[in-house]
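Numbers restart at 1 for each chain; the letters A, B, ... are given by sequence-line order, proteins then strands.
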Protein chains: 2
Amino acid sequence: MKVSTKARYGLRLMMALANRYGQGTAFLKDIARDQELSEKYLSHIVMELRAAGLVNAFRGSNGGYVLAREPYAITVGDVVKTLEDMMPVNCVREPAVCGRVELCSANEVWRRLGEAISTTLNQITLADMLAWSRQKNENYVMYYL
Amino acid sequence: MKVSTKARYGLRLMMALANRYGQGTAFLKDIARDQELSEKYLSHIVMELRAAGLVNAFRGSNGGYVLAREPYAITVGDVVKTLEDMMPVNCVREPAVCGRVELCSANEVWRRLGEAISTTLNQITLADMLAWSRQKNENYVMYYL
DNA sequence: ACTATTCCTATTGTATTAGTATGAATATAT
DNA sequence: ATATATTCATACTAATACAATAGGAATAGT
Ligand code: FES
Ligand code: FES
């Protein structure tokens with residue numbers, strides 16, 4: 001039960017964009033360098049985020065990416081669910097997978113788990129994360145002064 | 001973010017034992033047949049459950065397995081956490097994995113997610129599941145009479 | 001002794017995930 | 001126009017984790 005690196009990288013990418021929201025587009029190249037991630041791999045990820053309407057893309061020289069909405073209007077759930085399936089088991093949505101779902105009590109366990117996961121991630125916005133990050137950064141700087 | 005089949009099978013195995021709790025030992029062979037799972041594969045799983053103190057084993061002819069505690073005293077969390085890691089990301093427990101955890105706000109997201117997962121699974125007992133299952137079974141039988 | 005079970009270790013198979021390669025399409029700037 | 005810098009699209013390869021099997025040793029009843 002691990003979240004994929006795709007989702008983790010995707011969230012970091014979104015945070016990089018959130019962090020400079022309002023300051024124009026960012027090149028994938030720069031984000032990849034800053035976050036120390038493969039640009040090629042990130043390009044797959046950002047394309048999915050674009051298809052999901054979470055970022056806007058501009059092609060050509062001086063192109064780049066921007067967040068499609070303000071940070072408070074994008075949740076971690078939005079990001080994660082476009083990059084991987086947040087339902088921890090298939091038989092909740094497709095009862096056909098396990099025979100005799102009517103009799104299976106495990107099904108209810110996984111349904112509740114799925115609900116807990118999405119509830120948790122849906123209630124954290126990128127703006128929340130920005131606030132945490134800035135607070136952490138303050139403490140960090142203070143500590144090392 | 002899927003729960004492994006190991007954990008899913010393990011839970012079904014535990015439910016099979018819970019369902020006949022108080023009626024002596026069960027052979028793995030029979031459980032495997034009833035649940036339509038590979039006995040070989042189940043044998044790995046049940047060994048881990050035994051090592052975790054969730055089932056007791058008896059060797060030799062007329063051996064078998066029994067639940068180590070009463071169904072209300074075993075949670076789904078107990079079962080799942082012995083069969084896979086319930087923490088969805090490594091850097092929560094081992095901050096060294098990602099550099100600069102102090103500055104990373106994603107860390108807090110995964111910490112909360114891990115908490116939601118274990119809270120959810122820890123509060124469901126095998127007895128709860130038995131109750132659901134019996135209720136479902138009643139409805140099922142009624143419906144098809 | 002015989003049989004039926006659990007226990008142990010090693011190996012193989014399979015699917016998913018992670019990452020790379022290559023080049024086309026597109027927009028800007030000179 | 002041409003050069004350049006970016007995103008876009010598709011195909012391929014590599015690495016890892018997961019699922020399952022194989023073969024036999026240990027153990028305990030009959
Ligand atoms: S219906 Fe899928 S776990 Fe039982
Ligand atoms: S510290 Fe692990 S996600 Fe940032």
Return no unless some side-chain N or O of [X] is found under 4.0 Å from OP1 or OP2 of [N].
| X | N | value |
| --- | --- | --- |
| B:Lys29 | C:dT5 | yes |
| B:Ser38 | D:dT21 | yes |
| B:Tyr9 | D:dC18 | no |
| B:Tyr41 | C:dG13 | no |
| B:Thr5 | D:dA19 | yes |
| A:Arg50 | D:dT7 | no |

Please pick, from [options], the nucleotide with the shortest atom-to-atom distance to any side-chain atom of [X].
| X | options | answer |
| --- | --- | --- |
| A:Glu39 | C:dT28, D:dT7, C:dC7 | D:dT7 |
| A:His44 | D:dA26, D:dT10, C:dA18 | D:dT10 |
| A:Asn62 | C:dA25, C:dT28, C:dT3 | C:dT28 |

Subject >> Nearest-nucleotide 5' precedence on DNA chain D, A:Ser61 against B:Ser4 >> reply: A:Ser61
Subject >> Nearest-nucleotide 5' precedence on DNA chain D, A:Met47 against A:Lys2 >> reply: A:Met47
From [atom1] of [X] over to [atom2] of [N], roughly how many Å is that when rounded to an integer?
| X | N | atom1 | atom2 | answer |
| --- | --- | --- | --- | --- |
| B:Tyr65 | C:dA4 | OH | P | 17 Å |
| B:Asn90 | D:dT16 | CG | C1' | 14 Å |
| B:Leu28 | D:dT21 | CG | P | 13 Å |
| B:Phe27 | D:dA28 | CZ | C1' | 12 Å |
| A:Met1 | C:dT16 | CE | P | 18 Å |
| B:Phe58 | D:dA26 | CZ | C1' | 17 Å |
| A:Ile45 | C:dT20 | CD1 | P | 12 Å |
| B:Asn56 | C:dC7 | CG | C1' | 15 Å |

Subject >> Shortest non-hydrogen contact between B:Val109 and A:Trp132, atoms and distance >> reply: CG2-CZ3, 3.9 Å
Original post:
Taking the side chain from B:Glu84 and the backbone from A:Met1, do they hold a donor-acceptor pair closer than 3.5 Å?
Top reply: yes
Original post:
Would you say the side-chain atoms of A:Thr25 pair up with the backbone N or O of A:Val66, donor to acceptor, closer than 3.5 Å?
Top reply: no
Original post:
Which residue lies toward the 5' end of DNA chain C, A:Val3 or B:Lys40, if each is placed at its nearest nucleotide?
Top reply: B:Lys40
Original post:
Going by atom types only, do A:Asn107 and A:Arg112 share a side-chain donor-acceptor pair under 3.5 Å?
Top reply: no
**OP:** Flag the pair B:Glu48 and B:Lys6 as a salt bridge only when some basic side-chain nitrogen lies within less than 4.0 angstrom of an acidic carboxylate oxygen.
**Re:** yes
Original post:
Which distance, rounded to the nearest 0.5 Å, do you find between the CG of A:Leu54 and the CZ of A:Arg69?
Top reply: 5.5 Å
Original post:
Under the 3.5 Å rule, do the base of C:dA25 and the side chain of A:Arg59 count as making a donor-acceptor pair?
Top reply: yes
